[in-house]
Amino acid sequence: MTDPAKLDSLVSRLVDELGGAASVALVRIGDQLGLYTALQKQPMNSHELAQAAGIAERYAREWLAQQAASGYIAYDEASGKFALSPEQAMIFAEEDSPFYMMGAFDAIAANLEGQAKVQAAFRTGAGVEWGAHSACLFCAVARFLRPGYRSNLVSSWLPALDGMVERLQAGARVADVGCGHGVSTALMAAAFPQSEFVGFDFHIGSVEAARRHAADHRVGNIRFEVATAKTFPGTDYDLVTFFDCLHDMGDPIGAAAHVRRSLNPNGTWMIVEPQAGDTLAENLNPVGRLWYAASTMVCVPTSLSQEVGLALGAQGARRGSGRCSPRVASRACVARRTRL
Ligand SMILES: C[S@@+](CC[C@H](N)C(=O)[O-])C[C@H]1O[C@@H](n2cnc3c(N)ncnc32)[C@H](O)[C@@H]1O
């Protein structure tokens with residue numbers, strides 16, 4: 001029998017969630033038209049925002065109301081003005097904040113754009129190539145992951161590898177595989193000017209974007225090449241890094257074997273993967289929910305489009321048995337001198 005209290009609670013929750021989903025387009029409008037950065041400067045009413053951002057007042061008024069109802073900006077009834085609190089600014093306006101989340105909104109938009117292709121693949125079991133996803137996916141991924149790399153990569157993830165910081169300071173050879181737009185590669189190259197960095201990715205558009213990004217930031221000890229994880233050139237690397245890409249690969253085991261051959265005897269393979277528990281039950285939480293969505297729409301289709309098509313998924317390759325293989329434990333999961 002239907003439990004009215006349970007039904008009521010589920011409907012209430014969905015009203016809230018649909019409000020979030022409906023906000024994706026509005027948040028991206030606020031980002032792209034500079035509305036959050038304008039509001040960050042000072043509290044404003046709709047006329048002042050329209051003037052500051054060069055938009056029509058009627059649209060500004062409606063957008064402000066929706067954002068205040070969402071709790072994304074603050075509203076002061078006495079003055080009739082809207083503002084960004086310091087916390088809201090960290091999420092919506094400050095690109096260098098560790099909590100900047102605009103890339104996540106871009107990624108959700110890319111998921112929605114990808115529906116037709118992925119939906120068709122549900123029937124056939126075929127993959128969807130990384131390059132065939134919505135054009136904004138590649139920028140969204142780079143933008144989404146950048147705050148985490150900026151806050152952690154040089155300050156805590158690399159120091160977690162025994163002796164690696166000293167080796168990078170002295171001069172090491174590093175390959176960043178599946179580098180995408182090269183955010184991680186550029187951060188490492190800027191921090192360790194004595195070392196040589198090469199970023200590899202099989203998606204030419206991403207490699208071109210990475211080259212532009214490095215040129216804009218005048219990082220000299222870095223280059224980017226188109227190559228797959230199983231065929232990237234070079235040997236004698238001191239460090240090979242895989243940031244958020246092993247699970248996207250069709251043949252992660254073949255990639256691992258290639259990494260093993262490309263490292264020098266003291267070399268290190270660093271793998272960073274989305275945080276996950278080992279079992280489905282452990283991942284039934286808000287974070288697992290988002291990662292499973294990304295996994296269904298992007299990671300699994302990408303892997304299935306490649307040879308072998310192992311399709312580990314973004315949540316640590318959980319199989320029907322409830323076991324996880326290979327074990328991919330946390331966002332800073334490090335495999336040192338992995339024996340293969
Ligand atoms: C989620 S993105 C991560 C990009 C980048 N590492 C970052 O953290 O911003 C996954 C990347 O893996 C790359 N990729 C997937 N399969 C690959 C393969 N077999 N060989 C090389 N790159 C691959 C994709 O092109 C994409 O750039």
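Order of appearance sets the numbers: ligands from 1, and atoms from 1 within every ligand.
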What protein heavy atom lies closest to [atom]? Include the residue and the distance to one decimal.
{"atom": "atom 19 (N) of ligand 1", "answer": "Q306 OE1, 2.9 Å"}
{"atom": "atom 10 (C) of ligand 1", "answer": "D248 OD2, 3.3 Å"}
{"atom": "atom 13 (C) of ligand 1", "answer": "D201 OD2, 3.4 Å"}
{"atom": "atom 9 (O) of ligand 1", "answer": "L145 CD1, 3.7 Å"}
{"atom": "atom 20 (N) of ligand 1", "answer": "A229 N, 3.0 Å"}
{"atom": "atom 12 (O) of ligand 1", "answer": "C245 CB, 3.3 Å"}
{"atom": "atom 14 (N) of ligand 1", "answer": "F202 CE2, 3.5 Å"}

Please confirm whether the backbone N or O of F232 pairs with a side-chain atom of H258, one donor and one acceptor, at under 3.5 Å? yes

Per-atom contacts of ligand 1 with C179, taking only distances under 4.0 Å to non-hydrogen atoms: 5 (C), 6 (N)

Which ligand 1 atoms are under 4.0 Å away from a heavy-atom of A227?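 This gives 21 (C) as the contact atoms.
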
If you count every heavy atom of other residues, nucleotides or ligands that lies below 6.0 Å from R58 atom CZ, does the total exceed 12?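 Yes, because the 6.0 Å sphere around CZ of R58 holds more than 12 heavy atoms from other groups.
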
So with a 6.0 Å cut-off around CD of Q115, is the heavy-atom count from everything else above 12?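 No, because the 6.0 Å sphere around CD of Q115 holds 12 heavy atoms or fewer from other groups.
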
Taking atom types as modelled, find out whether T302 and Q306 have a side-chain donor-acceptor pair closer than 3.5 angstrom. no

Between Y36 and Q67, a side-chain donor and acceptor under 3.5 Å: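 Present: a donor and an acceptor within the cut-off.
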
Tell me whether I29 is reachable from F82 by hopping between hydrophobic residues (I, L, V, M, F, W, Y) whose side-chain heavy atoms are closer than 4.5 Å.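 Yes, it is one cluster - the side chains of F82 and I29 are joined through contacts under 4.5 Å.
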
Relative to each other, are the rings of W130 and H133 parallel, tilted or perpendicular (30° and 60° limits)? perpendicular

If the plane angle is over 60° it's perpendicular, under 30° parallel, otherwise tilted; pick one for F138 and H203. tilted

With nothing but distance in play, are any N or O atoms of [X] less than 3.5 Å from an N or O of ligand 1?
{"X": "Y149", "result": "yes"}
{"X": "G250", "result": "no"}
{"X": "T228", "result": "no"}
{"X": "G178", "result": "yes"}

Walk me through whether D238 and N266 qualify under side chain to side chain donor-acceptor pair (under 3.5 Å). CA-CA 7 Å; D238 298 287; N266 287 319; over 6 Å; no

Using a 4.0 Å heavy-atom cut-off, say whether F243 meets ligand 1 through its side chain, its backbone, both or neither. both

Classify the contact between C299 and ligand 1 as side chain, backbone, both or neither, using a heavy-atom distance cut-off of under 4.0 Å.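 No part of C299 comes within reach of ligand 1.
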
Determine, stepwise, if the pair S184 / D176 fulfils side chain to side chain donor-acceptor pair (under 3.5 Å). CA-CA 8 Å; S184 51; D176 186 14; 2.6 Å; yes

At what distance, to the nearest 0.5 angstrom, does OG of S151 lie from OH of Y100?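 So the OG of S151 and the OH of Y100 are separated by 13.5 Å.
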
Out of curiosity, is [X] lining ligand 1, as in a heavy atom under 4.0 Å away?
{"X": "S184", "result": "no"}
{"X": "D244", "result": "yes"}
{"X": "S303", "result": "no"}

